[in-house]
J.: 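Encoded as structure tokens, here's the structure I'll be asking about.
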There are 2 protein chains.
Amino acid sequence: MVTRAATHDRGFDHCKFHSRLTKWRTVVAVSKGQPICEPDRLADYWWHIKSGAVRQARLQSNGLRCIHEFFLPNEWFVCDNAGEDTVVDAVCDGTVLGRYKRADLEGLAEEGASIAQTLREARLRRIARAEEHIFNLWHQRSVDKVRVFLDQMSARMPARADGFVSLPMSRYDIADYLGLSVETVSRALGDLQARRIVEFDGVRRLRILRMLATLPPPPRQIGAKGRQGVQFLSAA
Amino acid sequence: MVTRAATHDRGFDHCKFHSRLTKWRTVVAVSKGQPICEPDRLADYWWHIKSGAVRQARLQSNGLRCIHEFFLPNEWFVCDNAGEDTVVDAVCDGTVLGRYKRADLEGLAEEGASIAQTLREARLRRIARAEEHIFNLWHQRSVDKVRVFLDQMSARMPARADGFVSLPMSRYDIADYLGLSVETVSRALGDLQARRIVEFDGVRRLRILRMLATLPPPPRQIGAKGRQGVQFLSAA
DNA sequence: CGTAGGCTTGATACACATCAAGTCACGTGG
DNA sequence: CCACGTGACTTGATGTGTATCAAGCCTACG
């Protein structure tokens with residue numbers, strides 16, 4: 001397996017900065033399907049998920065909804081370049097966020113190096129995740145997409161002792177995230193379950209049995225047969 | 001058409017900072033298919049394309065190559081999270097880059113606000129492009145993917161007076177970027193040409209005749225028929 | 001009991017990958 | 001000059017993964 005940056009937006013010392021941060025914080029609670037704020041204000045804030053989950057999506061004129069990213073408990077995010085068609089809304093009921101004005105938090109960051117660090121890392125992780133998403137959308141079969149998705153989600157969600165996690169999002173959300181139809185997502189999940197790669201306990205509670213790295217080699221060869229096996233020589 | 005951040009990494013005052021920058025610069029020239037530097041050093045530098053083009057790709061064990069991004073003349077970039085499977089190499093012969101040690105450039109940035117600005121913008125643009133790429137890979141038909149790709153490229157490439165641009169990359173590169181087969185890319189290009197959306201002058205020189213915004217509405221409806229038409233009410 | 005939303009399952013259609021030639025431009029060497 | 005090879009591109013025939021269409025199921029909740 002290839003080494004790659006970890007994908008957690010956690011690890012931020014709340015005890016230490018709690019009092020300082022709460023001073024600037026607004027708590028926002030939203031129920032399923034509710035936008036977290038007015039679309040044109042989105043870019044003005046840093047957000048921190050306390051519970052539940054939100055999704056950042058882009059709506060097309062034909063009604064299709066492309067979900068760019070999910071944000072899960074304890075993760076930080078900011079929306080730099082949201083267009084008019086961008087919606088950020090709650091995935092499930094009981095979603096609670098901390099909202100901080102960018103100016104406040106980024107000003108604060110100058111004194112508190114640890115906060116600055118957290119925000120910087122959140123940005124970097126955003127790029128890393130986007131690249132993973134691109135890779136996942138790119139050329140894989142539906143089962144592989146769903147598999148990678150489940151791996152990522154169970155790694156990012158707060159885990160329980162027994163290894164089970166409960167997904168906050170519906171099959172429709174997964175479909176819109178992976179660019180598949182709901183039916184295909186459903187079938188893929190059934191397939192993974194049948195092959196004992198994941199185990200379900202109810203529709204949204206699951207546990208990964210076999211990690212990606214330990215899987216047998218890809219049975220099918222999609223695309224070109226090995227274009228350009230580049231050797232490194234010497235630049236300049 | 002929806003407003004969205006422009007996608008140019010240009011607009012950096014070279015005259016003003018030329019002497020200061022060249023002091024830290026190493027010029028790197030690479031020919032087609034050559035990596036721009038040792039893979040493990042990639043993250044140590046900021047890069048600036050002077051001529052030609054480079055591609056950032058991720059190689060899979062089965063030989064497939066997923067191209068995450070192209071970088072075109074006059075654009076700045078840095079590779080924060082390149083894994084062992086990541087390759088950044090020249091798309092065509094005659095590719096020349098400026099290479100700057102990150103420590104040097106980012107230290108310099110403290111005094112030169114304009115440089116800091118350029119680097120910050122390059123990062124933001126990177127995210128914006130990644131999101132566009134996700135959107136493009138997401139659910140579209142092959143013709144649409146190719147169409148969007150051509151629009152983006154002709155907007156980013158240095159244009160000539162007659163409106164023609166010459167693409168630096170091959171059909172294989174395009175296929176690996178869009179997650180399609182070469183044949184499909186070729187057919188899509190033929191289709192666009194037949195429908196008088198683009199005009200070709202040789203295989204790699206082309207001109208966009210009709211921009212995306214001015215196109216007729218999507219003939220086909222892929223995916224779900226309008227899930228969750230969310231109305232904004234009021235958060236919290 | 002009924003209605004609704006989320007989810008699953010089956011039958012069919014089609015967009016795109018794959019396989020297989022074939023073309024075109026541009027070399028290199030006889 | 002032509003023969004030949006090679007790499008990039010195109011075109012056609014065929015197969016298949018997944019979208020689409022259409023029920024039907026399951027759970028929650030009035």
Side-chain angles (χ1 to χ4, degrees), chain A residues 31-33 62-66 91-93 137-147 166-176 178-194 200-206 218-230, chain B residues 31-33 62-66 91-93 137-147 166-176 178-194 200-206 218-230:
Chain A
S31 52
K32 178 158 66 170
N62 55 19
L64 294 191
R65 180 187 62 159
C66 171
V91 167
C92 53
D93 285 332
L137 287 177
W138 182 68
H139 219 171
Q140 323 262 349
R141 288 172 307 167
S142 60
V143 209
D144 298 325
K145 292 187 188 182
V146 173
R147 198 167 159 11
S166 28
L167 295 180
M169 70 285 289
S170 70
R171 307 289 193 248
Y172 288 86
D173 288 323
I174 300 176
D176 286 347
L178 296 176
L180 300 170
S181 67
V182 211
E183 296 92 332
T184 301
V185 170
S186 182
R187 282 186 252 264
L189 289 172
D191 187 28
L192 291 173
Q193 192 175 10
F200 279 88
D201 167 30
V203 261
R204 295 204 188 173
R205 277 182 52 78
L206 61 91
R220 188 168 70 113
Q221 169 110 347
I222 322 179
K225 35 262 166 193
R227 297 164 189 149
Q228 322 212 18
V230 184
Chain B
S31 53
K32 178 160 63 169
N62 54 20
L64 293 192
R65 180 187 62 161
C66 170
V91 167
C92 55
D93 286 332
L137 287 178
W138 181 68
H139 220 171
Q140 324 263 348
R141 288 174 308 169
S142 59
V143 209
D144 298 324
K145 292 187 187 181
V146 173
R147 201 171 156 6
S166 27
L167 296 180
M169 70 285 289
S170 70
R171 307 290 194 247
Y172 288 86
D173 288 323
I174 301 176
D176 287 347
L178 296 176
L180 299 170
S181 67
V182 209
E183 295 92 331
T184 301
V185 170
S186 183
R187 282 186 251 264
L189 289 172
D191 186 28
L192 292 173
Q193 191 174 10
F200 279 88
D201 167 30
V203 261
R204 297 205 188 172
R205 278 183 50 79
L206 61 91
R220 188 167 70 112
Q221 170 111 345
I222 322 179
K225 36 260 167 196
R227 298 167 189 146
Q228 322 211 17
V230 184

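Note that the structure is a prediction, hence the values are computed from the model and not measured. In the text below, chain A, chain B and the rest are named by the order of the sequence lines, each starting its count at 1.
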J.: Any idea which heavy atoms bring Lys32(A) and Asp93(A) closest together, and the distance?
T.: N-OD1, 2.7 Å
J.: Of all the choices, dT11(D), dT10(D), dG6(C), which nucleotide is nearest to the side chain of Arg171(B) once you look at every atom?
T.: dT10(D)
J.: Can you tell me how far P of dG6(C) sits from CG of Leu189(A), to the nearest Å?
T.: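 Those two atoms, CG and P, are 16 Å apart.
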J.: Would you kindly give the CD-to-P distance between Gln193(A) and dC7(C), to the nearest whole Å?
T.: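 Rounded to whole Å, this separation is 14 Å.
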J.: Could you tell me which non-hydrogen atom of Arg65(B) sits nearest to which non-hydrogen atom of Asp173(B), and how far apart they are?
T.: NH2-OD1, 3.0 Å
J.: Mind checking the CG-NE2 spacing from Asn62(B) to His139(A)? Nearest 0.5 Å is all I need.
T.: 10.0 Å
J.: dG6(C), dC9(D), dT9(C): which one has an atom nearest the side-chain heavy atoms of Glu183(A)?
T.: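 Closest of the options to the side chain of Glu183(A): dT9(C).
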J.: Remember a base hit wins even if backbone is also touched, and classify Gly179(A) as base, sugar-phosphate or nothing at under 4.0 Å, heavy atoms.
T.: sugar-phosphate
J.: Between dT18(D) and Arg141(B), counting only base atoms on the nucleotide and side-chain atoms on the residue, is there a donor-acceptor pair under 3.5 Å?
T.: no
J.: Before giving the answer on side-chain contact (heavy atoms from CB on, under 4.5 Å), spell out for Lys145(A) and Leu180(A) the whole-Å C-alpha distance, their side-chain angles and the decisive distance to 0.1 Å.
T.: CA-CA 9 Å; Lys145(A) 292 187 188 182; Leu180(A) 300 170; 4.2 Å; yes
J.: Below 4.0 angstrom from OP1 or OP2 of dA15(C), is there any side-chain N or O of Lys145(B)?
T.: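 For Lys145(B), the contact criterion (side-chain N or O under 4.0 Å from OP1 or OP2 of dA15(C)) is not met.
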J.: Ignoring hydrogens and geometry beyond distance, is the side chain of Arg187(B) in donor-acceptor contact with the base of dG12(D) at under 3.5 Å?
T.: yes
J.: Checking contacts here: which listed nucleotide (dC7(C), dT20(D), dA8(D)) is nearest the side-chain heavy atoms of Ser170(B)?
T.: dA8(D)
J.: Taking the minimum atom-to-atom distance to the side chain of His139(B), which one of dA19(D), dT8(C), dT18(C) wins?
T.: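 In terms of side-chain proximity for His139(B), the closest of dA19(D), dT8(C), dT18(C) is dA19(D).
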J.: In whole angstrom, give the distance that lies between atom CG of Leu64(B) and atom C1' of dA17(C).
T.: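 Distance check: Leu64(B) CG to dA17(C) C1' gives 12 Å.
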J.: Where is the tightest heavy-atom contact between Trp138(A) and Leu137(B), given as atom of each residue plus distance?
T.: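 Distance-wise, the nearest heavy atoms are CA-CD1, 4.3 Å.
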J.: Please name all residues satisfying side-chain hydrogen bond (donor to acceptor under 3.5 Å, both in side chains) with Thr184(B), sequence neighbours left out, ordered by chain then number.
T.: Ser181(B)
J.: With nearest nucleotides of DNA chain C determined for Thr184(B) and Val203(A) from heavy-atom distances, which residue corresponds to the more 5′ nucleotide?
T.: Val203(A)
J.: Give the rounded distance in Å between these two atoms: CD of Gln140(B) and C1' of dC16(C).
T.: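 Answer to the nearest Å: 15 Å.
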J.: Using C1' atoms of five pairs at each end, report the bend of the helix from dC1(C)-dG30(D) to dG30(C)-dC1(D) rounded to 10 degrees.
T.: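 Here the local axes at opposite ends form an angle of 20°.
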J.: Distance from Ser166(A) atom OG to Arg205(A) atom CZ, nearest 0.5 Å?
T.: 5.5 Å
J.: Roughly how many Å is it from CG in Leu167(A) to C1' in dG6(C), rounded to a whole number?
T.: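 After rounding, the gap between these two atoms is 14 Å.
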J.: For Leu189(A) and Val146(A), work out which heavy atoms get closest and say how close.
T.: CD2-CG1, 3.6 Å
J.: Dump the pairs, protein N or O against N or O of nucleotides 24-30 of chain D, anything under 3.5 Å, distances to one decimal.
T.:
none

J.: For Tyr172(B) and dT18(C), what is the distance between atoms OH and C1' respectively, to the nearest whole Å?
T.: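 Those two atoms, OH and C1', are 13 Å apart.
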J.: dC7(C) phosphate, OP1 or OP2: any side-chain N/O from Arg204(A) under 4.0 angstrom?
T.: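 The answer is yes; a side-chain N or O of Arg204(A) sits under 4.0 Å from OP1 or OP2.
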J.: Nearest to the Ser142(B) side chain among dC16(C), dC9(D), dT18(C), which nucleotide is it?
T.: dC16(C)
J.: Quickly work out the Ile174(B) CD1 to dT10(D) C1' distance and round it to whole Å.
T.: 14 Å
J.: Restricting to non-hydrogen atoms, name the atom on Ala188(B) and the atom on Ser142(B) that form the minimum distance, rounded to 0.1 Å.
T.: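 Closest pair (atom of Ala188(B), atom of Ser142(B), distance): CB-O, 4.4 Å.
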J.: Can you tell me the distance, in whole Å, between the CG atom of Leu178(A) and the P atom of dT18(D)?
T.: 12 Å
J.: Set out, in order, the CA-CA distance, both residues' side-chain angles and the distance that settles side-chain contact (heavy atoms from CB on, under 4.5 Å) for Leu206(B) and Asp201(B), then state yes or no.
T.: CA-CA 6 Å; Leu206(B) 61 91; Asp201(B) 167 30; over 6 Å; no
